[in-house]
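Below, read A as the first sequence line, B as the second, and so on, with proteins coming before strands; counting in each chain starts at 1. None of the values given here were measured: they were computed from a predicted structure.
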Amino acid sequence: MAALTEEQALLQEQAKSWVREEAPVAKFREMRDSGSEHGFDKATWASMAEMGWAGILVPEEYGGVDLGYLTFGVVLEELGRQLTASPLFASGLVGTSALVLSGSDAQKQAWLPRVAEGSAILTLAVDEGPRHAPSATGLVAEEKDGGFVLRGSKTHVLEGGSADAFVVVARTGGEPSSDAGISLFLVEADARGVSRQRLVTADSRGHARVDFDGVEVGSEALIGTRNEGAPVLHAVLDRARAGLGAEMMGVASQSFDMTLDYLKNRVQFGQVIGSFQGLGHRAAGLYTEMELARSCVEAALQALDREADDVPALCSLSKCKAGEFVHHMTNEMIQMHGGIGMTDEFDAGLYLKRARVLEATYGNPAFHRDRYATLKGF
Amino acid sequence: MTDPSAELEAFRAEVRTWIEQNFPKSLAGRAGALMGGETIDDSQREALEWGKRLGAKGWATPTWPAEYGGGGLSQTQARVLNQELDRAGAFNPLVRTTGMGITMVGPTILEYGTEDQKQRHIPRICRGEVFWSLGYSEPNAGSDLASLQTRAEDAGDHWVVNGQKTWTSGADISDWCGVLVRTDPDAPKRDGISFLMIDMNQPGIETRPIRLIGGASPFCETFFNDARAEKNEMLGEMNAGWTVGKRLLQHERQSQTGATSGLGGGPRKSLGDLAKEYVGVDEQGRLADPDLRARVTDQMMEAKAHALTLARIAAEARGNAKVSAAASIMKNAASTIAQKRAELSLEIMGSQGLGWEGEGFEKSELDAVRNWLSGKAMSIYGGSFEIQNNIIAKNILGLPENTQRG
């Protein structure tokens, strides 16, 4: 782990022990089996909010603690380790960063204090098709009587079923698939014309499709400048990707630990299977991959805190390397565990399923390789 | 109380001034000047002269104790020195001109040597006056190094050494060689080995360069026929050579993690830019071959991840110079990444990347071919890829030892 400040180290310790005691993977399984409507446990979320985690990125003047992205990442990694389900990421990182970066003072006043205390959930509504394509936004916001009318649909909206408001990516001009003409709107979930449908996904979390059927909003709903929302959107997405990198590191390192533990304990042919070179070398390779991926994840979070120039490249690198590693690691976890790994009773499958959702969210490794090449000028 | 950061900045200013006054600007970014062919040209002479100045200052071995000719700097100061050298496009010629002296032998002598050995050997390494080679591998002792057979017999006031070593890099031009020898043939194989420092300038030693798949190479076969080693040249205890030798290998691995600074490779053209040159781009400025584009990007991202990991290890170590087990991870990653880069370079160049010599090929193209071939050794020397994986599995992950020992 990166050289953490004392504050970050304390928070990491707090998150580690809280997750272990209050929200271990057994709790996630319980939530899944209960058929929870929103894909998280309310009490668990409330206790996270009580510890102030939802306000880690919220400026102090709006009731947060403003501790930065590496700090948020430290918490997300611990949550990832036990698959702790909550709207913390969607609301406290993604939604919050949109308002912090570009929201009006009124928008911040109205939402950030509630987000910080966990009484409101914000989320980003961006993708419209099965693959992440932020610039391909087709949802239209037409000007009308000094305000706007939104028409279109968003899919795979994180915590879409429980969100109180959406940061909606809309087109107010420009060619289809171009960055020009993209605008961001803050739309309340109970606005007339908003309807949502839960998407039951493999990871049992709270995803939804959200339809905007002639939703009328005032001009005060615009986040930032009309037609110039793309740079903000990309900045928000990069922050989200860095956060997902941290969560994927948590999922993957827990998968690694579980697998290593199994290699040290499972006996076949009269010896623990970890003594076989065919498995030992694969474990060594996974460990190497893990160390490299971790460096990328931490570098992206630190670059965000430093407001460095190479944030976009590092965030794509982080999302790609952590995504590739969690993919490989969860597959190897199943394979090395053999039959037991295939059973629902064992946790490996829960990690595998969550991994694939995280990999795909806000751009899979192929998306980010492509983006990295473009950023590097080829 | 003095302000440590102000102190460090003062040191930085001192370093910067010294480099300005001593480093010939004509050499900036030209570490390769040292790599020249068989004749010594002016730039090479200039580089050697610069190396002497750096060595006299102790800054070719910045963290070694000043009493033996080192720079006596802290890790933090040494980092500043390296940053300033990089900034000026300067490099440390002694890393090359001392053979294995700075990277491996010196640190091991500092750790295991007697006071007398340190006094005699370390200052000469610091000043760049000796070239060190290492006699480890033998024809029948590669990955299974401990089965080595070269033996040293006690002849009263000296040792008599007989046997054959191979892959002795630079043996033909070396002044001294650190040799692993068997001093107790009856002990279990790891317990009968000692580490001897042998003066190469004597009739009992013969070296023969080995030609590799990429052409001429620094590697030699080295024959010891009743060669002589002085009694005071045993490094560490008698029959404890395995421990000393293994420790030295950790330094070797460290030097192969890609972290060795001061080599000053200079900025290389990125693979992406190279590909643009040979393959061209489409209307959107993307590489015209999308499959190649994806694989080039993958390699570049791996390389970036590796660089970030080196930086992270340095940041986490914060002045703690202990050689860590992480070296095995980094060595494997470094060799994989470098080999992938070499393969992609060839692919990018197409038929121009298949030349061997003569007309019709640019120098950069011919170099790419030789680098591709010589780079195959990266995952073999210093403990092969597989041996490193054994070490990771056992020492880092705590898995039970494999039947094949690392």
Side-chain angles (χ1 to χ4, degrees), chain A residues 1-4 256-257 259-261 263-265 267 271-300 302-303 310 313-314 316-322 324-325 365-366 368-378, chain B residues 270-277 279 281 284-288 290 292-298 300-313 315-318 326 328-333 336-337 385-386 388-404 406:
Chain A
M1 195 66 203
L4 298 176
F256 181 86
D257 291 351
T259 305
L260 185 62
D261 194 52
L263 293 181
K264 288 179 181 176
N265 288 296
V267 174
Q271 51 197 314
V272 293
I273 61 174
S275 66
F276 302 137
Q277 235 177 8
L279 293 176
H281 281 196
R282 272 154 69 193
L286 289 165
Y287 183 78
T288 306
E289 251 186 85
M290 178 161 70
E291 288 300 304
L292 265 60
R294 173 174 294 288
S295 309
C296 300
V297 167
E298 292 180 2
Q302 287 168 328
D310 52 353
L314 285 174
S316 272
L317 180 72
S318 163
K319 185 70 184 25
C320 177
K321 294 322 272 183
E324 286 174 345
F325 175 55
H368 288 289
R369 267 195 297 276
D370 175 69
R371 182 170 182 252
Y372 194 84
T374 304
L375 287 167
K376 295 290 169 190
F378 65 96
Chain B
S270 91
L271 265 192
D273 288 343
L274 186 71
K276 263 164 61 173
E277 214 175 287
V279 182
V281 293
Q284 277 121 45
R286 296 155 156 252
L287 214 54
L292 177 68
R293 180 174 183 264
R295 287 179 293 120
V296 163
T297 314
D298 184 57
M300 286 174 66
M301 291 174 96
E302 276 287 297
K304 180 72 180 175
H306 180 257
L308 289 171
T309 306
L310 289 173
R312 177 164 69 91
I313 290 172
E316 286 173 2
R318 262 184 288 176
S328 289
I329 304 170
M330 298 313 290
K331 191 206 169 222
N332 271 2
T336 307
I337 290 163
F385 189 89
E386 289 72 18
Q388 304 302 336
N389 272 342
N390 281 351
I391 293 170
I392 297 168
K394 183 182 149 209
N395 295 355
I396 303 182
L397 304 182
L399 291 171
E401 190 151 11
N402 307 126
T403 27
Q404 284 141 3

| Heavy atoms, side chains only, cut-off 4.5 Å: are B/Ile313 and B/Thr309 in contact? | yes
| task | State, with a plain yes or no, whether a side-chain heavy atom of B/Met300 is found less than 4.5 Å away from one of B/Ser270. | result | yes
| query | Given that the side chain runs from C-beta out, which part of B/Gln388 has a heavy atom under 4.5 Å from chain A: side chain, backbone, both or neither? | reply | neither
| request: Determine whether the side chains of B/Asn390 and B/Glu401 contain a donor N or O and an acceptor N or O closer than 3.5 Å. | output: no
| request: May I ask you to name which of A/Gly377, A/Ala284, A/Ala283 has the most heavy-atom pairs under 4.5 Å with chain B? | output: A/Ala284
| query | Looking only at side chains, do A/Ser316 and A/Arg371 share a donor and an acceptor under 3.5 Å apart? | reply | yes
| task | Please list, chain by chain and in numerical order, all residues satisfying side-chain hydrogen bond (donor to acceptor under 3.5 Å, both in side chains) with B/Arg293, sequence neighbours excluded. | result | A/Asp370, A/Thr374
| Lys/Arg-Asp/Glu bridge criterion (N-O < 4.0 Å) met for A/Lys321, A/Glu324 | yes
| Structural part of A/Ala299 lying under 4.5 Å from a heavy atom of chain B | side chain
| task | Please look at A/Glu289 and chain B and tell me whether the side chain, the backbone, both or neither of the residue comes under 4.5 angstrom of a heavy atom of that chain. | result | neither
| task | Give the member of B/Ala275, B/Ala307, B/Ala305 that has the highest number of heavy-atom pairs under 4.5 Å with chain A. | result | B/Ala305
| said: With a 4.5 angstrom heavy-atom cut-off, is it the side chain or the backbone of B/Asp298 that approaches chain A, or both, or neither? | reply: both
| remark: Ranking A/Thr288, A/Leu279, A/Leu292 by heavy-atom pairs under 4.5 Å to chain B gives rank one to A/Leu292
| query | Which bit of B/Gln284 is near chain A, if near means a heavy-atom gap under 4.5 Å: side chain, backbone, both or neither? | reply | neither
